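A quick write-up on the structure given underneath.
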2 protein chains.
Amino acid sequence: MSTQPPLLQIDLSAGIPAYRQIVDAVRAHLVNGALQPGDLLPPVRQLAMDLGVHFNTVADAYRVLAEEGWLDLKRRRGAMVLERGAPPPADPARGELFARRLRELVAEVQAAGVSAPQIIRELRTLATGLEK
Amino acid sequence: MSTQPPLLQIDLSAGIPAYRQIVDAVRAHLVNGALQPGDLLPPVRQLAMDLGVHFNTVADAYRVLAEEGWLDLKRRRGAMVLERGAPPPADPARGELFARRLRELVAEVQAAGVSAPQIIRELRTLATGLEK
DNA sequence: TTTAATGTACATGTACAGTATACAAACGAG
DNA sequence: CTCGTTTGTATACTGTACATGTACATTAAA
């Protein structure tokens, strides 16, 4: 009997709002395909129990994702992953902003003592994973 | 007469607190060496004007960086960049957390329409920049 | 038809972000 | 030496966002 990896983890002591951590984590699974159209997400109350937050906090997160076009929410049936066409190409400024946030994130963990080689490894691993 | 690139930019409409954006942006410059020990940062009132926030917001950001050991704040003289030894090696869990946040950040911009090739390029560029 | 499982709505408490305003310290001009 | 100006500091106030508590609406199944 294997304890399978939890669908998602959040860090309540991280200073980042819980509902946004949930949004970010679920969206990552949606983008990388771990969650497919037709899949059902756990009911808000169940996921809330798992994460240690109130179910309305999860409901808020689901609503954000629904507004982004990822989920269809229906009472009694739950939260279902939708088909979602490719997004419109982003404004070029968006890419610059990404680069900046990326640098800032790396600086933050570097300042916190994560080694440069490990950071480099994570960056390259992720890049390689994206190019297939 | 050249308009030199501003020391830092923030996005007031981004939903991320202004003071934290300032902290992140300045810290990035500290980590990558654009700000060296002995350098002076702009006075809180001046930087606040440039960014369009209240000077106490900048002062808060400076204080966070001072508590992290980056800055020495003194009245009348201003905010001076300190010498700062290498941080203690981080807990291994820290690296895992970094990987997660990285994936989430990439998913976010990917969902917003930034192309995979561009993301890959930014990741690799940053990785290469770190290994020297 | 009833019941139970689900998402929704809204009110409330609390913490945080940003601001306004007054203050304290330190350096320079004279 | 004194005074004024430039700097960061302290504190109170306001609005908003986050998380929760509780009641409700909807819908599928028994």
Side-chain angles (χ1 to χ4, degrees), chain A residues 7-27 30 35 38-82 104 108, chain B residues 7-27 30 35 38-82 104 108:
Chain A
L7 174 62
L8 60 118
Q9 301 173 11
I10 65 174
D11 176 1
L12 293 179
S13 68
I16 302 165
Y19 87 95
R20 197 177 305 183
Q21 293 188 54
I22 298 169
V23 169
D24 290 343
V26 173
R27 188 172 40 221
L30 290 162
L35 286 170
D39 287 353
L40 286 177
L41 272 66
V44 292
R45 283 163 237 261
Q46 179 187 318
L47 183 53
M49 283 282 293
D50 293 351
L51 300 177
V53 297
H54 194 271
F55 69 82
N56 271 340
T57 299
V58 176
D60 285 347
Y62 279 11
R63 218 158 327 185
V64 170
L65 291 164
E67 274 161 23
E68 290 183 7
W70 291 109
L71 300 182
D72 181 61
L73 304 179
K74 271 210 177 46
R75 296 175 211 234
R76 175 76 198 197
R77 192 211 50 201
M80 193 177 67
V81 177
L82 290 177
E104 290 173 357
E108 178 186 329
Chain B
L7 174 63
L8 60 117
Q9 302 173 12
I10 65 174
D11 177 2
L12 292 179
S13 68
I16 301 166
Y19 87 95
R20 196 177 304 182
Q21 293 188 54
I22 297 170
V23 169
D24 290 343
V26 173
R27 188 171 40 222
L30 290 162
L35 286 170
D39 288 353
L40 286 176
L41 273 65
V44 291
R45 286 165 175 83
Q46 180 187 319
L47 183 53
M49 283 282 293
D50 293 351
L51 299 177
V53 298
H54 195 271
F55 70 82
N56 271 339
T57 299
V58 175
D60 285 347
Y62 279 11
R63 218 158 329 188
V64 170
L65 291 164
E67 273 160 23
E68 290 182 7
W70 291 109
L71 299 183
D72 180 61
L73 304 179
K74 272 210 177 44
R75 296 175 211 235
R76 176 76 198 197
R77 193 211 47 202
M80 194 177 67
V81 177
L82 290 176
E104 290 173 358
E108 179 186 329

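Everything quoted here is computed from the prediction, not taken from an experiment. Side chains included, hydrogens not; waters and symmetry mates left out as well; all remaining heavy atoms used. We name chains A, B, ... by the order of the sequence lines, and we start the count at 1 in each one.
Going from atom CD1 of Ile16(B) over to atom C1' of dC16(C) covers 16 Å, rounded to whole Å. Straight-line distance from the CG atom of Asp24(B) to the P atom of dA17(C): 12 Å, rounded to whole Å. Here the C1' atom of nucleotide dT12(C) and the NE2 atom of His54(A) are 12 Å apart, to the nearest Å. Between the CG atom of Leu51(A) and the P atom of dT20(D) there is a distance of 11 Å, given to the nearest Å. Atom CG in Leu41(A) sits about 13 Å away from atom P in dT6(C), given to the nearest Å. dA5(C) atom P lies 16 Å from atom CG of Leu40(A), rounded to whole Å. Look at CE on Met80(B): it is 15 Å from C1' on dA26(C), rounded to the nearest Å.
The CZ atom of Arg45(B) sits 8.0 Å away from atom CG of Asn56(B), with the distance rounded to the nearest 0.5 Å. Once rounded to the nearest 0.5 Å, the distance linking CG of Leu8(B) with CD1 of Ile10(B) reads 7.5 Å. Rounding to the nearest 0.5 Å places OG1 of Thr57(B) at 10.0 Å from CG of Leu51(B). To the nearest 0.5 Å, atoms CG (Leu73(B)) and CD (Glu67(B)) are separated by 9.5 Å. Rounding to the nearest 0.5 Å gives a distance of 10.5 Å between CG of Leu71(B) and CG of Leu40(B).
Nearest nucleotide to the Asn56(B) side chain, out of dT6(C), dA10(D), dC18(D): dA10(D). Side-chain atoms of Pro17(B) lie closest to dG18(C) of the nucleotides dA23(D), dG18(C), dT19(C). Considering only the side chain of Arg76(A), dA5(C) comes nearest among dA5(C), dG18(C), dT8(C). In the set dG7(C), dG21(D), dT7(D), dG7(C) carries the atom at the smallest distance from any side-chain atom of Ala79(A). In this structure, of dT20(D), dG8(D), dT8(C), it is dT8(C) that holds the atom nearest to the side chain of Arg45(A). Across dT20(D), dG18(C), dG7(C), the shortest atom-to-atom separation from the side chain of Tyr19(B) is found for dG18(C). In this structure, the nucleotide among dC18(D), dA22(C), dG7(C) sitting nearest to the side chain of Phe55(B) is dA22(C).
Toward the 5' end of DNA chain D, the nearer of the two residues Ala18(A) and Arg75(A), judged by each one's closest nucleotide, is Ala18(A).
Within the structure, every side-chain polar atom (N or O) of Arg77(B) is placed at least 4.0 Å from both OP1 and OP2 of dT6(D). Look at Thr57(A) and you won't find any side-chain N or O under 4.0 angstrom from OP1 or OP2 of dC18(D).
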